[in-house]
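Below, each value reflects all heavy atoms present in this structure, side chains not excepted, and no hydrogens, waters or symmetry copies.
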Amino acid sequence: QVQLVESGGGLVQAGGSLRLSCAASGRTGSFYVWGWFRQAPGKEREFVAAIDWSGSSTYYADSVKGRFTISRENAKNAVYLQMNSLQPEDTAVYYCARSSGARPKVTRDEYDYWGQGIQVTVSS
């Protein structure tokens with residue numbers, strides 16, 4: 001089994017920044033991709049960003065492109081989400097997810113493991 005734990009969430013004013021981290025433990029394996037998703041109250045969980053095995057290929061939702069950056073650190077079994085220019089509409093619970101393979105994945109069903117989620121609140 002693999003456990004994922006997010007950290008770094010919190011409350012920030014509009015225009016501010018936060019950096020989310022997610023670390024994996026357990027049977028972490030050696031060949032996998034990462035993703036970040038978020039879920040706002042009353043809405044479906046949506047894709048935010050994904051990164052491939054090497055870290056050289058990334059995908060972003062249009063709503064966060066140019067503001068968020070996903071990165072990974074394989075030696076630490078970790079993934080990060082740097083969030084800049086945050087807006088109130090970015091308020092949500094953010095989840096990291098992991099899946100075996102090499103290419104980034106953008107749909108929820110493609111991911112095998114999920115973190116418990118962490119709250120990000122952006123005040124106006």
Side-chain angles (χ1 to χ4, degrees):
Q1 271 290 50
V2 175
Q3 294 81 41
L4 306 181
V5 179
E6 299 101 338
S7 61
L11 173 66
V12 64
Q13 288 189 329
S17 299
L18 281 175
R19 186 185 190 227
L20 301 183
S21 300
C22 176
S25 61
R27 293 183 63 186
T28 55
S30 59
F31 201 54
Y32 50 89
V33 298
W34 289 98
W36 285 97
F37 290 74
R38 66 187 182 185
Q39 187 167 16
K43 295 188 176 181
E44 298 256 330
R45 191 173 301 188
E46 64 176 4
F47 169 76
V48 174
I51 190 167
D52 73 346
W53 160 247
S54 68
S56 62
S57 182
T58 56
Y59 291 105
Y60 296 93
D62 288 343
S63 59
V64 307
K65 205 171 292 184
R67 300 187 298 124
F68 290 11
T69 302
I70 187 172
S71 60
R72 63 185 293 165
E73 191 170 0
N74 290 346
K76 294 186 176 180
N77 293 314
V79 66
Y80 308 98
L81 186 68
Q82 177 67 41
M83 306 185 293
N84 298 330
S85 301
L86 283 161
Q87 299 301 316
E89 51 266 35
D90 294 315
T91 295
V93 176
Y94 283 71
Y95 299 87
C96 65
R98 209 189 82 167
S99 176
S100 59
R103 299 180 64 181
K105 302 177 181 181
V106 301
T107 61
R108 293 183 301 176
D109 292 345
E110 295 179 284
Y111 285 88
D112 306 308
Y113 301 102
W114 292 83
Q116 79 286 356
I118 192 163
Q119 179 70 45
V120 170
T121 303
V122 185
S123 63
S124 57

TODO: Treat each ILVMFWY residue as a node, draw an edge where side-chain heavy atoms are under 4.5 Å apart, and state whether Val93 and Val120 are in one component.
DONE: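 They do not share one cluster, since no chain of ILVMFWY contacts under 4.5 Å joins Val93 to Val120.
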Open item on the list: Applying a strict under-4.5 Å side-chain criterion to I, L, V, M, F, W and Y, I'd like to know whether Val106 and Leu20 cluster together.
Closed with: no
Please report the closest heavy-atom contact between [X] and [Y], naming both atoms and the distance.
X	Y	value
Gly101	Trp53	O-CB, 4.2 Å
Leu81	Ala49	CD1-CB, 4.2 Å
Gly15	Gln87	N-NE2, 4.2 Å
Val122	Thr91	N-OG1, 2.9 Å
Ser124	Ala14	CA-CB, 4.3 Å
Pro104	Ala50	CB-CB, 3.9 Å

- [ ] Check step by step if side-chain contact (heavy atoms from CB on, under 4.5 Å) holds for Tyr59 and Phe47.
- [x] CA-CA 10 Å; Tyr59 291 105; Phe47 169 76; 4.1 Å; yes
Open item on the list: Is the terminal nitrogen or CZ of Arg19 (NZ for Lys, CZ for Arg) located under 6.0 angstrom from the six-membered ring centre of Tyr80 and within 45° of that ring's axis?
Closed with: yes
Open item on the list: Assess whether a salt bridge exists between Asp90 and Arg67, defined as any Lys/Arg side-chain N lying under 4.0 Å from an Asp/Glu carboxylate O.
Closed with: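 Here Asp90 pairs with Arg67 in a salt bridge, since their nearest N and O are under 4.0 Å apart.
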Open item on the list: Under 4.0 Å between a side-chain nitrogen and a carboxylate oxygen: does that hold for Glu46 and Arg108?
Closed with: no
Report yes if the side chains of [X] and [Y] come closer than 4.5 Å at any heavy-atom pair, otherwise no.
X	Y	answer
Phe68	Val48	yes
Tyr111	Tyr113	no
Arg98	Asp112	no
Asn84	Leu86	no
Asp52	Arg103	no
Tyr60	Asp62	no
Arg38	Arg45	no

Open item on the list: Working note: Val79 + Ile70, criterion side-chain contact (heavy atoms from CB on, under 4.5 Å); need CA distance, chi angles, decisive distance, verdict.
Closed with: CA-CA 7 Å; Val79 66; Ile70 187 172; 3.9 Å; yes
Open item on the list: I'd like to know whether the aromatic ring centres of Tyr95 and Phe37 sit less than 6.0 Å apart in this structure.
Closed with: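 Aromatic pair excluded; centres sit 6.0 Å or further apart.
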TODO: May I ask you to check whether Trp36 and Tyr94 place their ring centres under 6.0 Å from each other?
DONE: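 Between Trp36 and Tyr94, which both carry aromatic rings, the centre distance is not below 6.0 Å.
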State the [atom1]-[atom2] distance between [X] and [Y], to the nearest 0.5 angstrom.
X	Y	atom1	atom2	result
Asn77	Arg72	CG	CZ	9.0 Å
Ser63	Glu89	OG	CD	9.0 Å
Ser17	Met83	OG	CE	8.5 Å
Cys22	Trp34	SG	CH2	4.5 Å

Open item on the list: For Lys43, I'd like to know if atom NZ has over 12 heavy atoms of other residues, nucleotides or ligands within 6.0 Å.
Closed with: no
- [ ] With side chain to side chain donor-acceptor pair (under 3.5 Å) as the test, would you mind laying out the steps for Glu44 and Gln39 before giving the verdict?
- [x] CA-CA 6 Å; Glu44 298 256 330; Gln39 187 167 16; over 6 Å; no
Task: Val33 and Ile51: CA distance, side-chain angles, deciding distance, side-chain contact (heavy atoms from CB on, under 4.5 Å) verdict - done: CA-CA 6 Å; Val33 298; Ile51 190 167; 6.0 Å; no
Open item on the list: Treating Glu6 as the side-chain partner and Gln116 as the backbone partner, does any N or O pair qualify as donor plus acceptor under 3.5 Å?
Closed with: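 Confirmed, Glu6 side chain pairs with Gln116 backbone.
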Open item on the list: Strictly distance-based, threshold 3.5 Å: is any side-chain N or O of Ser99 a donor or acceptor partner for the main-chain N or O of Glu110?
Closed with: yes
- [ ] Please lay out, stage by stage, how Thr121 and Gln119 fare under the test side chain to side chain donor-acceptor pair (under 3.5 Å).
- [x] CA-CA 6 Å; Thr121 303; Gln119 179 70 45; 3.2 Å; yes
- [ ] Kindly determine whether Ser25 and Val5 satisfy side-chain contact (heavy atoms from CB on, under 4.5 Å), including the steps that lead there.
- [x] CA-CA 8 Å; Ser25 61; Val5 179; 5.8 Å; no
